[in-house]
Protein chains: 2
Amino acid sequence: MSKSFINIKELAVALNLSTSTVSRAFRDKGDINADTKQYILDKAKELGYYPNIYASNLRDSKSRTIAVIMPELANNFFSLAVKGIERVAQANGYHTLIYVTDSLYQKEVEIVEDLYNGRVEGIIMSVSGEGNDHQYINKLKQSHIPLVFFDRVYDDIDVPKVITDDYDSSFKATEYLLNNHCDPVALLVIDKNVSIGNARMKGFVDAHKKCKVKLNENLVVDCSNDLEESCQIIKHTLLTYKPKAILASVERLATASYTVCLDEKIKIPEEVKIIGYSNLSIASLLNPSLSTITQPAEELGTKAAELLFDILKDKPLLQKEVVLEAEIIHRVSTTL
Amino acid sequence: MSKSFINIKELAVALNLSTSTVSRAFRDKGDINADTKQYILDKAKELGYYPNIYASNLRDSKSRTIAVIMPELANNFFSLAVKGIERVAQANGYHTLIYVTDSLYQKEVEIVEDLYNGRVEGIIMSVSGEGNDHQYINKLKQSHIPLVFFDRVYDDIDVPKVITDDYDSSFKATEYLLNNHCDPVALLVIDKNVSIGNARMKGFVDAHKKCKVKLNENLVVDCSNDLEESCQIIKHTLLTYKPKAILASVERLATASYTVCLDEKIKIPEEVKIIGYSNLSIASLLNPSLSTITQPAEELGTKAAELLFDILKDKPLLQKEVVLEAEIIHRVSTTL
DNA sequence: CTGTTAGCGCGTTCAC
DNA sequence: GTGAACGCGCTAACAG
């Protein structure tokens with residue numbers, strides 16, 4: 001840090017008091033005369049003294065800082081989630097570090113490893129590396145740094161999780177489509193292996209079973225993080241398999257589908273219906289208005305942060321897993 | 001922080017070496033035997049030793065942390081900007097703290113004051129409190145903590161700024177509308193006093209002068225941070241003054257205008273044209289597609305972060321003020 | 001190349 | 001109610 005102008009010793013000298021007395025003035029135990037305390041505080045303000053946070057951290061083994069690690073930030077879902085987290089942290093007098101992995105497992109590992117040293121008291125994470133080794137997470141336990149997952153989780157790691165019931169929402173959305181003559185329906189995912197993609201896929205598959213509709217494997221479509229590439233894949237799917245409906249597992253793929261349909265002059269919802277997981281506040285302003293499965297993103301973040309602070313405060317955890325409800329909102333894009 | 005299992009002393013004992021030798025193994029000066037270094041690193045890994053970051057911070061007066069302070073996070077512009085900042089920070093081996101003020105001046109002051117103590121080496125901020133006292137910013141200088149403004153700035157504070165030419169883009173957009181028989185045109189702002197709102201208003205006013213169109217003061221409309229309230233205000237403006245065009249100074253007000261027009265069955269662009277400052281990636285998917293003035297949000301963040309790191313590295317600053325260009329994209333909502 | 005020593009700034013004993 | 005002294009964990013001098 002850039003050196004603050006004055007430290008406790010200098011302030012003590014200026015006040016003709018001991019450093020311990022000065023220190024006491026900044027803590028809130030009644031072990032100091034009210035007058036001297038005020039005297040000290042006034043002088044401190046005058047001289048611009050602020051206790052060095054890192055010395056305190058070292059002394060107390062407390063950093064009052066948490067970390068949020070997520071695959072991306074610049075999207076409606078994650079920025080809302082972080083907003084919720086930051087708000088709770090601020091309310092608890094904590095600071096919030098953010099780390100974006102760009103969906104890269106290796107980056108996630110590096111970031112977490114950089115946190116073993118105690119920089120933060122706790123971590124809230126939405127994961128990037130399902131299908132990879134997760135042992136590095138366990139070292140966190142050794143360092144006594146609590147971890148809470150939200151939305152995208154590792155099922156094989158036993159930490160508190162805050163999620164929405166992706167299986168259920170996907171199942172319901174798919175069932176709705178199948179029951180309304182939208183066979184075949186295509187599922188667009190980013191990564192089948194990620195917990196989210198996985199649950200949403202299972203719901204999709206099981207809805208087919210329930211509706212006794214045979215599923216064409218080619219209609220579970222792995223897209224890309226790259227928009228251009230995804231559009232190509234979607235276009236190919238649309239032209240080749242002519243699905244009557246699309247279920248997009250992330251917002252980006254829903255809007256990409258719109259773009260493709262616009263380009264290819266495929267009419268929504270007449271020729272293809274579209275519904276997608278999305279936190280777009282203006283879904284109703286799209287052309288046509290987009291049907292959405294909307295997760296309570298901010299609440300997810302809030303809840304995850306609250307869980308983390310419960311742990312930090314040694315409160316007994318009521319639930320290891322919090323499942324919030326997603327809302328399915330049918331708009332014009334799935335109108336029959 | 002939660003105590004890491006083992007400290008340097010214990011590791012040194014386990015290795016039968018001195019702490020300074022151990023310390024050297026973790027730094028990258030060539031002042032240690034390669035073999036002993038490897039020996040130490042191996043043992044460290046085995047025992048799960050990680051240098052305590054706060055002890056290092058204290059020792060070196062370096063935190064390798066920066067702060068981002070902004071009015072809001074959950075919107076396209078700011079989340080993109082933060083993405084850019086975080087990326088640069090990560091590339092420099094720095095950590096990024098984020099703070100959201102909810103556009104509250106008082107919160108901004110509290111947050112900044114909480115940073116005087118040297119928690120961070122530098123601050124990147126988009127401000128919330130134009131029209132208030134900014135003296136508290138100057139204390140940062142006393143603490144030698146560099147500050148860079150982006151997008152929303154205090155003109156009376158002399159620190160590096162990364163902005164777009166809001167006056168220019170607003171002028172051009174307004175001029176376009178006035179030259180195409182869209183008189184009167186309404187300007188929607190959140191806060192006339194904020195630098196952004198101010199520059200965008202000046203451009204708006206001056207375009208009227210240039211086009212020799214008399215400006216109705218009632219058509220510079222102060223909206224709210226609350227969506228519902230803003231819609232009411234916009235509706236009132238639309239019904240009372242019947243503007244032929246709307247220039248929305250922030251994305252939220254553009255989409256709110258769409259919502260009002262949808263509700264009131266006012267046709268865009270036939271009855272009213274709409275253009276807005278926006279980073280919506282799907283502006284072209286709206287009904288009708290939205291004309292936008294788009295700022296290079298991520299680049300703004302990137303540039304601000306680069307400037308800050310230049311300062312931290314004592315590089316000479318080439319420019320006190322970086323002005324990036326916004327792009328005006330006309331779509332259907334301003335079609336004549 | 002390695003060990004010894006002396007703080008970084010603060011907060012908490014324990015005396016007085 | 002206040003001060004002296006120690007140590008949190010680490011690293012930079014300095015010596016050897």
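By convention in this document, chain letters (A, B, ...) are assigned in the order of the sequence lines, proteins followed by strands, and residues within each chain are numbered from 1.
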Distance check needed: [N] [atom2] versus [X] [atom1], whole Å only.
X: B/N33; N: C/dG3; atom1: CG; atom2: C1'; value: 15 Å
X: A/N57; N: D/dC10; atom1: CG; atom2: P; value: 14 Å
X: A/R119; N: D/dG9; atom1: CZ; atom2: P; value: 17 Å
X: B/L58; N: C/dG11; atom1: CG; atom2: C1'; value: 13 Å
X: A/Y50; N: C/dC10; atom1: OH; atom2: P; value: 14 Å
X: B/N7; N: D/dG9; atom1: CG; atom2: P; value: 5 Å

Taking salt bridge (Lys or Arg N to Asp or Glu O under 4.0 Å) as the cut-off, I'd like each qualifying pair that reaches into residues 138-149 of chain A, sequence neighbours left out, listed once.
none
Using five base pairs at each end to define the local axes, how bent is the helix from C/dC1-D/dG16 to C/dC16-D/dG1, to the nearest 10°?
40°
Identify, with sequence neighbours excluded, every residue that meets side chain to side chain contact (heavy atoms under 4.5 Å, CB included) alongside [X].
X: A/V159; result: A/L147, A/F149, A/I157
X: B/N16; result: none
X: B/A12; result: B/T19, B/V22
X: A/E110; result: A/Q106

What contact category does B/D31 fall into here, base, sugar-phosphate, or nothing, at under 4.0 angstrom with non-hydrogen atoms?
base
Taking the side chain of A/N52 as heavy atoms from C-beta outward, which of C/dC10, D/dG9, D/dT2 is closest to it?
C/dC10
Base versus backbone protein contacts along nucleotides 11-16 of chain D [heavy-atom cut-off under 4.0 Å; B, S, -]
BBB---
Residues from residues 34-44 of chain A lying under 4.0 Å of DNA chain C - heavy atoms:
none
Classify the side-chain pair A/S128/A/S103 by whether it contains a donor and acceptor separated by less than 3.5 Å.
no
Pair A/S23-A/S20, side-chain donor/acceptor within less than 3.5 Å
no
Measuring to OP1 and OP2 of C/dT2, would you say a side-chain N or O of B/T21 lies under 4.0 angstrom away?
no
Ignoring hydrogens and angles, write down the donor-acceptor pairs under 3.5 Å from the side chains of residues 71-82 of chain A, residues two or more places apart or on other chains.
residue	atom	partner	partner atom	Å
A/E72	OE2	A/R252	NH2	2.8
A/N75	OD1	A/F77	N	2.9
A/N75	OD1	A/F78	N	2.8
A/N76	ND2	A/E251	OE1	3.4
A/N76	ND2	A/E251	OE2	2.7
A/S79	OG	A/N75	O	2.9

Of all pairs that satisfy side-chain hydrogen bond (donor to acceptor under 3.5 Å, both in side chains), the ones with a partner from residues 306-323 of chain B, not counting sequence neighbours:
B/N92-B/K313
Output a table of donor-acceptor pairs, distance under 3.5 Å, between side-chain atoms of residues 29-48 of chain B and any protein atom two or more places apart or on a different chain; print 'none' if there are none.
residue	atom	partner	partner atom	Å
B/N33	OD1	B/D35	N	2.6
B/N33	OD1	B/T36	N	3.4
B/T36	OG1	B/N33	O	2.8
B/K37	NZ	B/D28	OD1	3.0
B/Q38	NE2	B/D42	OD1	2.9

Not counting sequence neighbours, which residues clear ring-ring contact (aromatic ring centres under 6.0 Å, His included) with A/Y99? List them please.
B/H95
